[in-house]
Amino acid sequence: MISLALALPFARAYARHGGYRLDEAELSRVLERRLAALPPWARAHAAAAALFARWLAPAALLGRARRFERLEDPDREALLAALQRAPAPLRALYLGIKAPLMTVCAGRAP
Amino acid sequence: MTAYDFAVVGSGVGGAAAAARLVRRGARVLLIEEGEKAQPPRDPVDALARYYVAGGATASVGRSLVPVPIGRALGGTTAINSGTCLRPPRALTRGWRTLAPGFDDDRFAEYVEQAWTELGARRASLETASTSSRLFLRGLDALGIPGGHLLDRAAESCSGAGRCCFVCPTGAKRTADAAFLEPLAGASGLEVRTGCRFLDARDVHGGFALTLERSGRRERARAGALVLSAGALRSPWHARRLAPDRAREAGRRLSVHPAAKVFAEFDAPVYGSNGVPQGAGLVDPEDPAIRYEGAFTPPELTALTMPLDGRALAGWIGRYDRLAAFGYMIRDEARGSVAYPVGPSLPVLSYEPTARDLERLRRAMLFVARVFFAAGARRVLLPVNLPANVFDSPEALERGAPSRLDARRLQTMGFHPLGTCGLGRVVDADLRLREGVYVCDGSVVPESLGVNPQVTIAAFGLRLADRLLGARDAR
């Protein structure tokens, strides 16, 4: 599934950063199930959101030419805060990956 | 091809109430519902996927991001609402006489009482109220603020499972189908087609030829008259196609009751998701346009409604068992619109709160925060996307809370889309769009109500049925 392939690196880095209690196998399994349950347009949204969050957002919002998972810790937290405070269209875009991700992470918080 | 006296598109509370009364008084009714009968889901996320339009992703995206979740199931949005019952303010309905000549608000008030009875509205019990709600009431007491009360709900045998918005697991919530359709199970005059989409209606002699779609196959039916009850975000689409002369007006004047909630962390466990999330309420002591109502969501969705991300979010979610939340909504001045650039399945909403709406939202936010501190909260999280949105004392709140709200910083939602086929503007006093076509859902409520609208909409449904039968009998 394309959306899973695009989302998983971001999801791993996000979960590790937040200290969520799940291993990579569980993360992958549950995220795949969540994405598979979405209609095609929502999977496309998730894929686009993952691309945005991983590649474009660090440059656009932080001025860092690095993928999300390669950011330094403080920059990663700063980027996530910036995404939360971004203009509504970017927040709406980002929700495409944050929503399925939180269904996996919430309940497994540190 | 089967012929019916009436076809009702949509089984939300307006359509279900109208259909049931029509059947009880001898009419043959086809009720068309795109969704299915809601069953208790595997989890809340499953409920979103199966019973919310677009998985809950319907939203206005402009300066603000305002999600407007609507239901897609037998019973419409009542399958996923909180079940709260409130009567429309008489001061508002009295004004509808001016909007729609022929509208009798005294007579409408009688229909409101009928709807109240048929929905089975009852006062929630303190035993089933969530700890969140009890903490809010305790905070009000501590501040000496009167008026906090338990809400009336369409959920007589509620045991406080706390899953109202994700399909009641016990069947206690009286959704539109439970209240109006289930009592008619087996009635010969009612046919309910679920999983069935209304595509079009063509004028024919004696009524309409309907084109429907179910399981990928086209179906046809004939009806003497048509009632559109597809909701404020979908009925305008049909209204424009069926009455092109009203096309310019249908879809405008959207109000949504912008709402948000304040989270608070307590030292002792709260288990906020246990008990009725929306069991208690209060009208703002200084501004009746602000209404406080309980709100709580499961952790997956709480995480999405918090204005936080990263470790900041994980820190709050990690203490989920110690969190309380209480919400508020306002009677909005803003009016938006709904458009359909790619068809009815993905309506595009345009909605921006006004400056006064923003000030009301700000006042309400601070009020709830103060109440939670008075109840013993150790810190509160305000629904604003700002670096400083967490406060650990009332003094810090007074020093640091925003003095004005920027729409771009709002963390808000709108649960009650209304007005897009408003009474007196798109439909007349009898909810008639044009000859043989009527509208009966939240779209006909002509202005922001300031109260949860299901009783009002059900009243419109009962009234419409009587009007339709009276007109038929008179012919």
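Lettering of chains follows the sequences in order, A, B, ..., and the numbering in each one begins at 1.
- At a threshold of 4.5 Å between non-hydrogen side-chain atoms, the residues Phe52(A) and Phe68(A) do not count as touching.
- Heavy atoms of Ala407(B) lying under 4.5 Å from chain A are absent altogether.
- Applying the ring pair (Phe, Tyr, Trp, His ring centres under 6.0 Å) rule to His17(A) yields no partners; only residues at least two apart in sequence or on another chain are considered.
- Taking a cutoff of 4.0 Å between a charged side-chain nitrogen and a carboxylate oxygen, Arg360(B) and Asp332(B) do not qualify as a salt bridge.
- Surrounding CZ of Arg214(B) are more than 12 heavy atoms belonging to other residues, nucleotides or ligands, all under 6.0 Å away.
- The pair Glu359(B)-Arg362(B) counts as a salt bridge, with a side-chain nitrogen and a carboxylate oxygen less than 4.0 angstrom apart.
- Exactly one residue among Leu313(B), Leu308(B), Val262(B) makes a side chain to side chain contact (heavy atoms under 4.5 Å, CB included) with Leu381(B). That residue is Leu308(B).
- For the set Ala49(B), Pro44(B), Ala54(B), the count of heavy-atom pairs under 4.5 angstrom toward chain A peaks at Ala54(B).
- Using a 4.5 Å cut-off between heavy atoms, Ala59(B) does not touch chain A at all.
- Between Arg322(B) and Glu265(B) no salt bridge is recorded (no basic side-chain N to carboxylate O distance below 4.0 Å).
- Nearest heavy-atom pair, Met413(B) versus Thr305(B), reported as atom, atom and distance to 0.1 Å: SD-CG2, 4.3 Å.
- For Arg311(B), the parts lying under 4.5 angstrom from a heavy atom of chain A are both the backbone and the side chain.
- Proximity to chain A is limited to the backbone of Leu386(B), based on heavy atoms less than 4.5 angstrom apart.
- Between Phe296(B) and Tyr320(B), the gap from one ring centroid to the other is short of 6.0 Å.
- Remark: Glu69(A) engages Arg54(A), Arg67(A) in a side-chain hydrogen bond (donor to acceptor under 3.5 Å, both in side chains) (not counting sequence neighbours).
- In this structure, Phe10(A) and Tyr14(A) have tilted ring planes: the angle between them lies in the 30° to 60° band.
- Neither the backbone nor the side chain of Pro298(B) has a heavy atom closer than 4.5 Å to any heavy atom of chain A.
- Among all heavy-atom pairs drawn from Arg379(B) and Trp316(B), the shortest one is NH1-NE1, 3.3 Å.
- Taking 4.5 Å as the heavy-atom cut-off, none of the residues of residues 340-355 of chain B approach chain A.
- Between Gln411(B) and Val384(B), the shortest heavy-atom distance links the atoms CB-N, 4.4 Å.
- Contact residues of residues 72-103 of chain A toward chain B are Asp73(A), Glu77(A), Leu80(A), Gln84(A), Arg85(A), Ala88(A), Pro89(A), Arg91(A), Ala92(A), Tyr94(A), Leu95(A), Lys98(A), Ala99(A), Met102(A), Thr103(A) (heavy-atom distance under 4.5 Å).
- Using a 4.5 Å cut-off between heavy atoms, Leu301(B) makes no contact with chain A at all.
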